[in-house]
Amino acid sequence: MYETKNPQLTPELYAYVLAHNPPLDPVQRELVELTHTRLADVSGLQTAEEQGPLLAFLVRLVGARRIVEVGTFTGFSTLSMAQAMPADGQLIACDVSEEWTAVGREAWAKAGVADRIDLRIAPALDTLRALPEGPWIDFVFLDADKVSYVAYWEELVPRMNPGGLIVADNTLFHGAVADPAVEGPAAAIRAFNDRVRADDRMDDVLLTVADGLTIARRR
C-alpha cells in the first residue's frame with residue numbers, strides 16, 4: 001500500500017490554503033455568503049471556495065474564449081470563469097433551476113460579466129446535443145448530476161478544441177469511489193473515472209482537490 005503525502009486538512013490548514021490563494025473579490029465573496037445564508041439546506045452544492053481561483057487560473061492558462069459549464073447552481077464557478085475570460089468570450093451555462101441561477105444572475109450583473117454568460121435552463125443533455133458539432137469549445141467545467149457524467153463526456157469531447165480542458169468536479173465522491181461494491185451516484189463516478197482513464201482522445205489527471213477534481217486535455 002502506498003502512503004499518501006497529503007496532510008490531514010484541518011480547519012487551520014484549510015484557512016491557510018485559502019489565505020495563500022488569490023482572494024475572492026467583493027462580488028464573489030457576497031455570492032458565496034449569500035448562498036450559504038439564503039440556501040443553507042443545499043449550500044453544499046456550491047463549488048469549493050478554492051476552486052474559484054483555480055478555475056480562473058486554468059481559463060487564463062489556456063486562453064479560453066468558448067466555455068461550457070454543466071451545472072451552475074448559484075453561479076460562483078460561472079462568475080469565476082467569466083471574469084477570467086476575454087470580454088468577447090462566451091460561457092454557456094447549463095442548469096435546470098430558475099431559482100438557484102437567479103442568485104447567480106444578480107452577481108453576474110453586479111460584476112459586469114452578464115453579457116458573457118448564456119444561461120440555458122433545460123436538461124443539460126438536451127442543451128449539449130443541440131450545440132454545434134465539431135471542435136470549438138476551449139474549456140468545460142462539469143459539476144452536475146453524477147449519474148450523467150459519462151453521457152456529458154461523450155457529448156463534450158468531440159466538441160473540444162485541441163488543447164482544450166474538461167474539468168470535472170466530485171470525482172472522488174467523498175471517498176466512496178474506492179469501494180468496488182459502491183452503488184448509486186458514487187458508482188456512476190467510478191464508471192466516469194474509468195471512462196476518462198480509457199479515453200485515448202484525452203490526457204487526464206485525477207487530483208485530491210476538494211472532493212476530487214479531474215482535469216483532462218484534448219489531444
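It should be emphasised that the depicted structure is a prediction, and the values quoted were computed from it without experimental measurement. The analysis underlying the following values was restricted to heavy atoms, covering all of them including side chains, and did not include hydrogens, waters or symmetry mates.
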To the nearest 0.5 Å, what is the distance between [atom1] on [X] and [atom2] on [Y]?
X      : Y      : atom1 : atom2 : answer
Leu213 : Leu54  : CG    : CG    : 6.0 Å
Met81  : Leu91  : CE    : CG    : 5.0 Å
Thr101 : Arg120 : OG1   : CZ    : 14.0 Å
Trp108 : Thr78  : CH2   : OG1   : 4.5 Å

Least distance between heavy atoms, [X] atom then [Y] atom:
X      : Y      : answer
Ser43  : His36  : OG-ND1, 3.4 Å
Ala124 : Cys94  : CB-CB, 4.1 Å
Asp203 : Arg219 : OD1-NE, 2.7 Å
Arg217 : Leu165 : CB-CD2, 3.8 Å
Ala93  : Thr72  : CB-OG1, 3.4 Å

Is the number of heavy atoms from other residues, nucleotides or ligands under 6.0 Å of Phe57 CZ greater than 12?
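Atom CZ in Phe57 is not crowded, with 12 or fewer foreign heavy atoms closer than 6.0 Å.
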Can you tell me if [X] and [Y] form a side-chain donor-acceptor pair at under 3.5 Å?
X      : Y      : result
Thr74  : Thr35  : yes
Glu69  : Ser77  : yes
Asp199 : Trp153 : yes

Linking I/L/V/M/F/W/Y whenever any side-chain heavy atoms sit under 4.5 Å apart, do [X] and [Y] land together?
X      : Y      : answer
Leu142 : Ile189 : yes
Leu131 : Ile121 : no
Val68  : Val167 : no
Ile215 : Ile166 : no
Val70  : Phe76  : no

Check the pair Arg65 / Phe139 against side-chain contact (heavy atoms from CB on, under 4.5 Å), numbers first and verdict last.
CA-CA 8 Å; Arg65 305 177 70 86; Phe139 194 93; over 6 Å; no
Only pairs at least two apart or in different chains count here, so list each salt bridge (charged side-chain N to carboxylate O under 4.0 Å, His left out) that has a residue in residues 154-180.
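Only Arg129-Glu155, Glu133-Arg159, Glu154-Arg195, Glu154-Arg201, Glu155-Arg159 qualify under salt bridge (charged side-chain N to carboxylate O under 4.0 Å, His left out).
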Which pairs, with at least one residue in residues 134-151 and sequence neighbours excluded, count as a salt bridge (charged side-chain N to carboxylate O under 4.0 Å, His left out)?
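Salt bridge (charged side-chain N to carboxylate O under 4.0 Å, His left out) check on residues 134-151 returns Asp143-Lys146.
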Where do Asn6 and Thr208 land on the side chain to side chain donor-acceptor pair (under 3.5 Å) test, with the steps shown first?
CA-CA 9 Å; Asn6 289 354; Thr208 55; 2.8 Å; yes
Take Glu49 and Arg29 through the test salt bridge (charged side-chain N to carboxylate O under 4.0 Å, His left out) and record every step on the way to the result.
CA-CA 9 Å; Glu49 184 172 325; Arg29 174 59 61 196; 2.7 Å; yes
Taking Thr214 as the fixed residue, which of Thr171, Asn170, Asp204 is the one that meets the side chain to side chain donor-acceptor pair (under 3.5 Å) rule?
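That would be Thr171; it is the only one of Thr171, Asn170, Asp204 passing the side chain to side chain donor-acceptor pair (under 3.5 Å) with Thr214.
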